[in-house]
Amino acid sequence: MTESHNFIVGTFNTPHLYTLSFVAPSTLSIVAKHPAVGSHSWLHLNESKTNLYATAWTEPPSVVAYTISDAAGRSVKQISLAPTATRSGYVTATSTALYSAGGPSGEVFSLDSETGEIISPLDHINGHANGVNGTKSAILPLQKLNFLDGQEGNTANGVLDFGGLRHGAHSADLSPDNKALYVADIGRNCIWTYAVSEDGSLTLGEKHISPRKDDGPRHVWPHPTGKHVYCLQEHTSIVDVFETSQGGTILKHVQGVKIIPAEMSPKLFWADEVRTSFSSGSQPKYMYASTRGLEAETKGYLAVFALTEEGLVDEKQGDKGLLDMWQTPTSGGWANAVQPGPTVDGMEYLALTDSEEGLVMVCSWDGQTIRECARVKLQGGTEGKVEGAATAVWLS
């Protein structure tokens with residue numbers, strides 16, 4: 001019997017979630033379309049893959065929790081929603097806390113460890129403060145975060161500003177042991193590091209200024225050992241490698257690699273995502289990084305780099321670590337987000353999302369060449385709008 005591997009995709013501009021099914025080597029189909037509270041630019045699955053958390057570009061902005069009642073992802077239902085001060089760019093979670101970052105601010109929300117619901121902080125005398133036990137009041141955060149650092153505000157940039165995300169904090173990522181949190185801040189050109197307490201609350205570690213004055217840190221991704229983290233720089237199309245210390249909260253820059261062709265200017269791109277492969281467990285062999293074209297006529301790229309066992313870019317392989325670079329079919333629009341998935345018969349598969357044409361693609365990597373092996377187009381945008389695919393999370 002042929003095994004299918006399913007994943008969930010959100011969109012930037014419609015209140016829908018999609019479950020897609022991939023059968024190696026080349027079959028991709030939509031198996032379910034779920035109603036959502038709003039458009040979801042970023043998705044996060046909990047470790048057991050029973051809860052899905054998402055940014056929600058609602059009015060007012062919010063974060064939302066869903067429950068997934070079957071392993072194939074055919075049933076996805078909302079269980080809670082909590083307002084955020086500004087539009088969230090990214091969420092991540094432990095079993096007890098949900099972290100959100102967006103523009104000038106962010107939040108830490110408490111989670112019910114049994115149901116995965118977002119809940120208000122626990123009042124040890126009276127129970128939960130609000131938002132539960134039948135009340136209609138909004139769920140309160142456990143902790144509010146402020147990234148303005150004394151600045152007056154968050155400069156806008158027209159249609160590309162996304163409510164401040166283009167000029168502020170964009171992401172929140174946890175260390176593998178859930179004891180450190182990293183917030184990449186495009187506007188402040190830094191990575192904020194935090195130590196995570198038992199209840200999920202945060203203590204500032206450092207404001208680590210980026211190696212270059214115009215980098216624009218967008219996403220941070222940890223190596224499974226936690227000894228190194230990778231930071232994708234949106235403005236310079238570079239992935240930097242940092243060595244960590246003091247529980248992951250102190251960073252030291254050790255490497256940087258360009259993720260677009262050497263002859264091309266980074267001013268043509270806004271880099272999107274960095275991830276490590278899953279095929280070798282705690283010692284991934286590869287790092288994947290994607291870029292988007294700033295204009296529709298500029299296509300994006302997906303690059304693969306070799307990694308050492310310790311998590312450094314292995315400059316002895318390929319072209320100083322670069323093994324292959326594939327030009328994507330479109331600019332990617334707001335997406336071109338890459339998400340590694342299953343390995344089948346030695347072939348690694350990755351989901352790639354595109355908001356320009358509403359495409360969801362699966363690419364293959366055999367250790368030498370990246371290829372597109374399947375695609376579908378999301379349907380359902382209203383008034384002729386493209387249903388822009390945002391990000392994907394694999395269920396299997």
Side-chain angles (χ1 to χ4, degrees), residues 12 41-42 55 86-90 92 100-106 145-173 181-193 206-222 229-242 251-262 264-275 287-295 298 300-303 305 331-338 355 390-391:
F12 286 107
S41 66
W42 193 257
T55 59
T86 56
R87 178 181 286 185
S88 177
Y90 203 106
T92 189
S100 166
S105 62
L145 305 174
N146 180 7
F147 306 116
L148 289 181
D149 197 28
Q151 297 182 22
E152 291 298 322
N154 214 40
T155 304
N157 188 31
V159 296
L160 293 180
D161 188 63
F162 301 117
L165 295 178
R166 190 97 203 274
H167 292 273
H170 190 85
S171 63
D173 293 278
L181 183 83
Y182 306 99
V183 173
D185 193 322
I186 299 172
R188 263 60 69 180
N189 200 42
C190 73
I191 301 171
W192 303 90
T193 71
E206 68 168 343
K207 177 186 179 182
H208 190 95
I209 301 299
S210 199
R212 303 156 209 91
K213 64 180 181 180
D214 58 345
D215 272 333
R218 176 183 172 87
H219 285 170
V220 176
W221 187 253
V229 296
Y230 311 97
C231 180
L232 181 125
Q233 311 290 7
E234 180 171 300
H235 296 160
T236 55
S237 286
I238 287 173
V239 169
D240 285 305
V241 185
F242 295 89
L251 305 180
K252 177 184 177 182
H253 183 252
V254 291
Q255 284 180 311
V257 292
K258 192 173 182 179
I259 61 172
I260 54 175
M264 299 194 76
S265 169
K267 293 182 180 180
L268 297 172
F269 302 91
W270 47 335
D272 188 71
E273 191 58 85
V274 60
R275 285 289 185 266
M287 178 182 76
Y288 302 103
S290 61
T291 55
R292 304 161 291 179
L294 266 173
E295 303 294 338
T298 304
Y301 286 91
L302 173 58
F305 291 83
S331 72
W334 299 348
N336 255 13
V338 61
S355 75
T391 53

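Atom set for the values below is all heavy atoms of this structure, side chains included, hydrogens, waters and symmetry mates excluded. One-based numbering along the sequence shown.
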Original post:
Does the pair R292/E273 count as a salt bridge with the N-to-O cut at 4.0 Å?
Top reply: no

**OP:** Spell out, as yes or no, whether a donor-acceptor pair under 3.5 Å connects the side chain of S355 to the backbone of W334.
**Re:** yes

Subject >> Smallest separation among heavy atoms of P222 and V229, with atom names >> reply: CA-CG1, 3.9 Å

Subject >> Distance (rounded to the nearest 0.5 Å) between L181 CG and T92 OG1 >> reply: 7.5 Å

**OP:** Report yes or no: does N189 contribute a side-chain atom to a donor-acceptor pair with the main-chain N or O of G216 at less than 3.5 Å?
**Re:** yes

**OP:** Please answer whether the main-chain N or O of W221 pairs with a side-chain N or O of H219 as donor and acceptor at a distance below 3.5 Å.
**Re:** no

Subject >> Gap separating the CH2 atom of W270 from the OG1 atom of T298, nearest 0.5 angstrom >> reply: 12.5 Å

Subject >> Nearest-0.5 Å distance, NZ of residue K213 to OG1 of residue T236 >> reply: 13.0 Å

Subject >> Between CD1 on residue I260 and CD1 on residue I238, distance to nearest 0.5 Å >> reply: 8.5 Å

**OP:** Can you see which heavy atom on C231 is nearest to which on F242, and at what distance?
**Re:** CB-CE1, 3.7 Å

**OP:** Heavy atoms only: give me the nearest I259-A303 pair and the separation to one decimal.
**Re:** O-CB, 4.2 Å

Original post:
Is K207 salt-bridged to D185, going by a charged N under 4.0 Å from an acidic O?
Top reply: no

**OP:** Measure the spacing between CE of M264 and CZ of F269 and express it to the nearest 0.5 Å.
**Re:** 3.5 Å

Original post:
What is the minimum heavy-atom distance between A101 and V183, and which atoms define it?
Top reply: CB-CG1, 4.1 Å

**OP:** Indicate the ring-plane relationship of F147 and W192, choosing parallel, tilted or perpendicular according to the 30° and 60° boundaries.
**Re:** tilted

Original post:
Backbone N or O of I186 within a donor-acceptor pair of the E234 side chain at under 3.5 Å?
Top reply: no

**OP:** Go through the steps to decide whether Y288 and V274 satisfy the test side-chain contact (heavy atoms from CB on, under 4.5 Å), and finish with yes or no.
**Re:** CA-CA 6 Å; Y288 302 103; V274 60; over 6 Å; no

Original post:
Under the criterion side chain to side chain donor-acceptor pair (under 3.5 Å), which of Y230, Y90, Y182 is the partner of D173?
Top reply: Y90

**OP:** List the steps, then state whether side-chain contact (heavy atoms from CB on, under 4.5 Å) holds for L268 with L294.
**Re:** CA-CA 6 Å; L268 297 172; L294 266 173; 6.0 Å; no

Original post:
Taking it one step at a time, do L302 and T291 satisfy side-chain contact (heavy atoms from CB on, under 4.5 Å)?
Top reply: CA-CA 7 Å; L302 173 58; T291 55; over 6 Å; no

**OP:** First locate atom OG of S237, then atom OH of Y301, and finally report the distance between them rounded to the nearest 0.5 Å.
**Re:** 11.0 Å

Original post:
What heavy-atom pair brings R188 and I209 nearest, and what distance separates the two atoms?
Top reply: O-CD1, 4.3 Å

Original post:
Do Q255 and D240 touch side chain to side chain, with heavy atoms closer than 4.5 Å?
Top reply: no

**OP:** Classify the side-chain pair S41/T55 by whether it contains a donor and acceptor separated by less than 3.5 Å.
**Re:** yes

Original post:
Looking at A337 and S290, what are the two nearest heavy atoms and their distance?
Top reply: CA-OG, 4.3 Å

Original post:
Between S105 and N146, is any side-chain donor less than 3.5 angstrom from a side-chain acceptor?
Top reply: no

Original post:
Within the distance-only criterion (no hydrogens, no angle test), does the side chain of S210 pair as donor or acceptor with the backbone N or O of D215 below 3.5 angstrom?
Top reply: no

Original post:
Does some side-chain heavy atom of P211 sit less than 4.5 Å from a side-chain heavy atom of Q233?
Top reply: yes

